[in-house]
> 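Take a look at the following structure, please.
Counting convention: from 1, in listed order, for ligands and their atoms alike. We're numbering straight along the sequence, starting at 1.
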Amino acid sequence: MRIDTLIVGGGIVGLGIGWKLAQRGQAVTILERGAAGREASWAAAGLLAPATEVHYQEDRNLRLGLESMRLYPEFVAELEASTGMCVDYRTEGAIAVAARADDAADMRALFEYQLELGLPVRWLSGEEARAMEPSLSPYITAGVFCPMDHHIDNRLLVDALKAAYVRSGGTLLEHTEVRRVVIENGSYQGVEASDQVFRSRRLLIAAGSWSGLLPGLPEAIRPPVRPVKGQLFSVRSPAPGFLTRFVRSPRLYIAPKSDGRIVMGATVEEMGFNRDVTAGALYSLLKEAWDHLPGVYELPILETWCGFRPGSRDNSPLLGESEIPGVFFATGHYRNGILFAPVTSHAMSQLLLDGKVPELLQPFSPKRFAA
Ligand code: FAD
Ligand code: GLY
């Protein structure tokens with residue numbers, strides 16, 4: 001079987017790039033160790049929030065996020081049209097809120113930074129925030145409305161991407177673990193998986209938090225990606241108008257999905273691949289939820305879970321070719337893999353098709369970490 005691009009990992013990153021390549025007539029095979037889309041891409045909250053989640057000194061991530069937001073409506077429309085599936089893309093905007101004086105001061109400083117960056121944000125009093133979202137706590141004294149920030153149901157999104165990829169002619173081999181990347185004398189040969197060797201013109205490693213663990217990768221190109229654990233829970237909304245926009249406090253986000261789930265999270269923990277959902281994490285998330293959305297007290301808990309954000313050393317993704325010709329990376333999306341999905345899919349598929357590095361991807365070359 002001729003394979004142009006072999007992709008390791010069927011998360012949102014591998015599926016998105018694979019979909020765009022298959023659409024352009026490339027022979028693509030994705031090898032996925034488990035079921036596609038069931039790791040970080042499933043665990044996420046689905047926030048598309050370049051403004052609300054802006055961080056100081058992460059301007060290049062902001063630029064990538066803004067470009068992805070520009071691409072999102074068309075990405076979703078094309079995906080929904082080609083699969084007949086809905087991905088619950090919600091465009092009501094987001095509100096950051098503060099219930100304590102120091103949180104409000106912190107938010108004010110971030111607000112000034114958001115304004116400097118030209119982001120469309122509006123300062124709200126506590127009353128104005130509650131007028132927009134009546135379920136918010138009376139203790140909230142300030143807010144920032146970010147109309148450009150949206151959210152999506154990431155679980156529906158990865159399932160739709162999987163369907164679109166397969167419909168476009170892509171091959172998806174689930175429950176197929178890549179056990180070794182074969183590189184001889186600095187030249188890429190193929191990968192070993194399921195007792196056979198897969199050969200391809202190019203290899204794309206999109207294995208999320210596991211991208212740096214693949215046996216056979218030379219140390220010089222091994223990506224410095226680690227798992228950053230996040231724990232979340234969801235409750236059932238009591239009524240459709242209970243919460244409309246997604247709300248962010250300094251230590252919690254609350255995302256109401258159209259199927260009646262309200263997703264709340266998340267912790268940020270350096271715990272390796274530990275999959276325990278812990279009492280301490282749930283306690284602090286629930287306390288924060290209670291402080292900002294008191295009605296949560298009565299709501300039934302639907303699910304608790306955790307996942308692993310692929311974090312790199314500079315919190316930016318690795319997107320591009322490595323020092324070994326033909327071996328590419330698309331990993332390290334950390335807290336923004338759902339946000340970055342359209343831009344990653346478009347820009348990486350362009351690179352894999354014509355070999356030219358799109359200008360937008362230049363700051364994200366994996367070679368910046370080469371040993
Ligand atoms: P993954 O989805 O983890 O996929 C990698 C795949 O590779 C897995 O399916 C795995 O099984 C497979 N794999 C690994 N090793 C092998 C192997 N040897 N052989 C074959 N397959 C292999 N981002 C946002 O934009 N907004 C959010 O609101 C948001 N919230 C988040 C909340 C939490 C708690 C977490 C954990 C993440 C969140 N993120 C969010 C980040 C986002 O989920 C990730 O950046 C994104 O899902 C990474 O996608 P991926 O495809 O690289 O990784
Ligand atoms: N971006 C949300 C998270 O990583 O938890």
> For ligand 1, which atoms, with element, lie under 4.0 Å from some heavy atom of I12?
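Those qualifying, in numeric order: 47 (O), 49 (O), 51 (O).
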
> Could you tell me whether R38 and D159 have a side-chain N and a carboxylate O separated by less than 4.0 Å?
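Counted as a salt bridge, because a side-chain N and a carboxylate O are separated by less than 4.0 Å.
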
> Please write down residue, atom name and distance for the protein heavy atom closest to atom 46 (C) of ligand 1.
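The closest one turns out to be G337 CA, 3.8 Å.
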
> After noting the C-alpha distance and the side-chain angles of L117 and L115, does the key distance pass the side-chain contact (heavy atoms from CB on, under 4.5 Å) rule?
CA-CA 5 Å; L117 293 168; L115 289 178; over 6 Å; no

> Look only at interatomic distance and state if V13 has a nitrogen or oxygen under 3.5 Å from any nitrogen or oxygen of ligand 1.
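N/O-N/O distance below 3.5 Å exists for this pair.
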
> Between the side chains of R63 and D59, is the shortest nitrogen-to-carboxylate-oxygen separation below 4.0 Å, so that they form an ion pair?
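No, no charged N to carboxylate O under 4.0 Å.
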
> Pull out every atom of ligand 1 sitting under 4.0 Å from any heavy atom of H333, numbered as shown with elements.
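Under 4.0 Å from H333, ligand 1 has these atoms: 45 (O).
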
> Specify side chain, backbone, both or neither for V8, according to which of its non-hydrogen atoms lie closer than 4.0 Å to ligand 1.
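Just the side chain.
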
> Tell me whether ligand 1 is touched by S209 - counting only heavy atoms on the residue side and a distance under 4.0 Å.
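It does not; every heavy atom stays at 4.0 Å or beyond.
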
> Side chains of R313 and R226, heavy atoms from C-beta outward: is any pair under 4.5 Å?
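No, their side chains stay 4.5 Å or more apart.
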
> Is there a donor-acceptor contact under 3.5 Å linking the side chains of T267 and E269?
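Present: a donor and an acceptor within the cut-off.
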
> Could you tell me whether ligand 1 has any atom less than 4.0 Å away from a heavy atom of Y253?
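Contact check Y253 vs ligand 1: positive.
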
> What atoms of ligand 1 come closer than 4.0 angstrom to any heavy atom of L31?
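Within the 4.0 Å cut-off of L31, ligand 1 contributes 20 (C), 21 (N).
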
> Using a plain distance cutoff, I'd like to know if R33 has any nitrogen or oxygen under 3.5 Å from a nitrogen or oxygen of ligand 1.
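Such a contact does occur with ligand 1.
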
> Does W123 have R108 sitting over its ring (NZ/CZ under 6.0 Å from centre, angle to axis within 45°)?
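Judged by the rule (NZ or CZ under 6.0 Å from the ring centre, within 45° of its axis), R108 counts as positioned above W123.
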
> Under 4.0 Å from a heavy atom of T176: which atoms of ligand 1 are those, numbered in the order shown and with their elements?
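Answer for ligand 1: 20 (C).
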
> Select the closest option to atom 11 (O) of ligand 1 among R335, E32, K229, judged by heavy-atom distance.
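When every heavy atom of R335, E32, K229 is considered, E32 comes closest to atom 11 (O) of ligand 1.
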
> Would one find an N or O of G230, backbone or side chain, under 3.5 Å from an N or O of ligand 1?
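In fact, backbone or side chain, G230 has no N or O that close.
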
> Does ligand 1 have an atom that lies less than 4.0 angstrom from a heavy atom of T331?
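No.
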
> Do A35 and ligand 1 have an N or O pair less than 3.5 Å apart?
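No, there is no polar N/O contact under 3.5 Å.
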
> Which residue supplies the protein heavy atom nearest to atom 27 (C) of ligand 1, what is that atom called, and how far is it?
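For atom 27 (C) of ligand 1, the nearest protein heavy atom comes out as L47 N, 3.5 Å.
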
> Compute the ring centroids of W210 and F273, then answer whether they are less than 6.0 Å apart.
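Close enough - the centres of the two rings lie under 6.0 Å apart.
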
> For ligand 1, does F308 get within less than 4.0 Å through its side chain, its backbone, both, or neither, judged by non-hydrogen atoms?
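The backbone, only.
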
> Please indicate whether any nitrogen or oxygen in A45 is less than 3.5 Å from any nitrogen or oxygen in ligand 1.
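The answer is yes, given that A45 and ligand 1 share an N or O pair closer than 3.5 Å.
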
> Suppose I only count heavy atoms of E177 and a 4.0 Å limit; which atoms of ligand 1 are within that range?
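Checking each atom against E177, I get 18 (N), 19 (N).
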
> Compare all side-chain heavy atoms of Y334 with those of V268 and state whether any distance is below 4.5 angstrom.
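Result yes, sub-4.5 Å side-chain heavy-atom pair found.
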
> With a 4.5 Å cut-off on side-chain heavy atoms, are V144 and Q114 touching?
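Yes, at least one pair of side-chain atoms sits under 4.5 Å.
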
> Can you tell me which residue and heavy atom of the protein come closest to atom 25 (O) of ligand 1, and the distance to 0.1 Å?
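The closest one turns out to be L339 N, 2.7 Å.
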
> Could you tell me which atoms of ligand 1, counted from 1 in the order shown, lie closer than 4.0 angstrom to a heavy atom of G307?
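In order of number, 36 (C).
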
> Starting from atom 17 (C) of ligand 1, what is the nearest protein heavy atom, named by residue and atom, and what distance separates them?
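Scanning the protein heavy atoms, the shortest distance from atom 17 (C) of ligand 1 goes to V178 N, 3.8 Å.
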
> Do the ring centers of Y72 and H150 come within less than 6.0 Å of each other?
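That pair fails the under 6.0 Å test.
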
> Take K257 and D259, measure what salt bridge (Lys or Arg N to Asp or Glu O under 4.0 Å) needs, and give me the verdict at the end.
CA-CA 5 Å; K257 305 297 175 188; D259 63 3; over 6 Å; no

> With a 4.0 Å cut-off on heavy atoms, is T267 in contact with ligand 1?
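No heavy atom of T267 comes that close to ligand 1.
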
> Salt bridge between R155 and D153, side-chain N to carboxylate O under 4.0 Å?
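Answer for the salt bridge query: no.
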
> Using a 3.5 Å cut-off on N or O atoms only, is Y334 in polar contact with ligand 1?
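Yes; the residue has a nitrogen or oxygen that sits under 3.5 Å from a nitrogen or oxygen of the ligand.
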
> Could you pull out, from G208, G37, P227, A207, the option with a heavy atom nearest to atom 53 (O) of ligand 1?
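Nearest option to atom 53 (O) of ligand 1, by heavy atoms: G208.
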
> Of all the atoms in ligand 1, which lie at a distance below 4.0 Å from a heavy atom belonging to G46?
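Listed by number with element, the hits are 27 (C), 28 (O).
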
> Could you go through the salt bridge (Lys or Arg N to Asp or Glu O under 4.0 Å) check for E174 and K162 one step at a time?
CA-CA 11 Å; E174 295 179 294; K162 173 176 160 178; 3.2 Å; yes

> Just distances here: any N/O of I338 and N/O of ligand 1 closer than 3.5 Å?
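Min N/O separation from ligand 1 is below 3.5 Å for I338.
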
> Has the side chain of Q26 got a donor or acceptor atom that lies under 3.5 Å from a matching backbone atom of L21?
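Checking the backbone N and O of L21 against the side chain of Q26, no donor-acceptor pair under 3.5 Å is found.
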
> Quick check: L214 and ligand 1, any N/O pair under 3.5 Å apart?
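It does not: no N or O of L214 is found under 3.5 Å from an N or O of ligand 1.
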
> What atoms of ligand 1 come closer than 4.0 angstrom to any heavy atom of E39?
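Those qualifying, in numeric order: 3 (O), 8 (C), 9 (O), 10 (C), 11 (O).
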
> Are any of the N/O atoms in A330 less than 3.5 Å from those in ligand 1?
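No - when backbone and side-chain N and O of A330 are compared with those of ligand 1, no distance drops under 3.5 Å.
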
> For ligand 2, what are the residues with a heavy-atom contact below 4.0 Å?
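Lining ligand 2 at under 4.0 Å, by heavy atoms, one finds E53, Y253, A266, R309, R335.
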
> Do S249 and E288 meet the criterion of a side-chain donor-acceptor pair at a distance under 3.5 Å?
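Yes - a donor-acceptor pair under 3.5 Å links their side chains.
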
> So which heavy atom in the protein is nearest atom 15 (N) of ligand 1, and how far is it from that ligand atom?
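Ranked first by proximity to atom 15 (N) of ligand 1 is W210 CB, 3.6 Å.
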
> Set out, in order, the CA-CA distance, both residues' side-chain angles and the distance that settles salt bridge (Lys or Arg N to Asp or Glu O under 4.0 Å) for D103 and R251, then state yes or no.
CA-CA 10 Å; D103 286 347; R251 291 160 293 275; 2.7 Å; yes

> What's the shortest distance from atom 43 (O) of ligand 1 to any protein heavy atom, and which residue and atom give it?
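For this ligand atom, the closest protein heavy atom is A40 O, 3.1 Å.
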
> Step by step, would you call S316 with R368 a side-chain contact (heavy atoms from CB on, under 4.5 Å)?
CA-CA 11 Å; S316 290; R368 71 189 189 277; 3.5 Å; yes

> If the threshold is 4.0 Å, N to carboxylate O, is there a salt bridge linking R275 and E39?
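Yes, R275 and E39 are salt-bridged.
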
> Which is closest to atom 29 (C) of ligand 1 by heavy-atom distance: P310, A44, A255?
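The residue whose heavy atom sits nearest atom 29 (C) of ligand 1 is A44.
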
> Can you list the steps and then say if Y56 with Y113 is a ring pair (Phe, Tyr, Trp, His ring centres under 6.0 Å)?
CA-CA 8 Å; Y56 300 116; Y113 183 57; 4.9 Å; yes

> Please determine whether a side-chain nitrogen of the Lys or Arg among E133 and R245 lies less than 4.0 Å from a carboxylate oxygen of the Asp or Glu.
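Counted as a salt bridge, because a side-chain N and a carboxylate O are separated by less than 4.0 Å.
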
> When you compare the side chains of D314 and S312, does any donor N or O come within less than 3.5 Å of an acceptor on the partner?
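The answer is yes; a qualifying pair exists.
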
> Looking at atom 47 (O) of ligand 1, what's its closest protein heavy atom, distance included?
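Here the closest protein heavy atom is S41 OG, 3.0 Å.
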
> Would you find a donor on one side and an acceptor on the other, under 3.5 Å apart, between the side chain of E78 and the backbone of F75?
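Pair absent, no side-chain N/O of E78 close to backbone of F75.
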
> Between T304 and Q231, do the side chains contain a donor N or O and an acceptor N or O under 3.5 Å apart?
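There is no such pair between these side chains.
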
> Would you mind checking which non-hydrogen protein atom is closest to atom 34 (C) of ligand 1, with the distance to 0.1 Å?
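Result: L232 CD1, 3.2 Å.
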
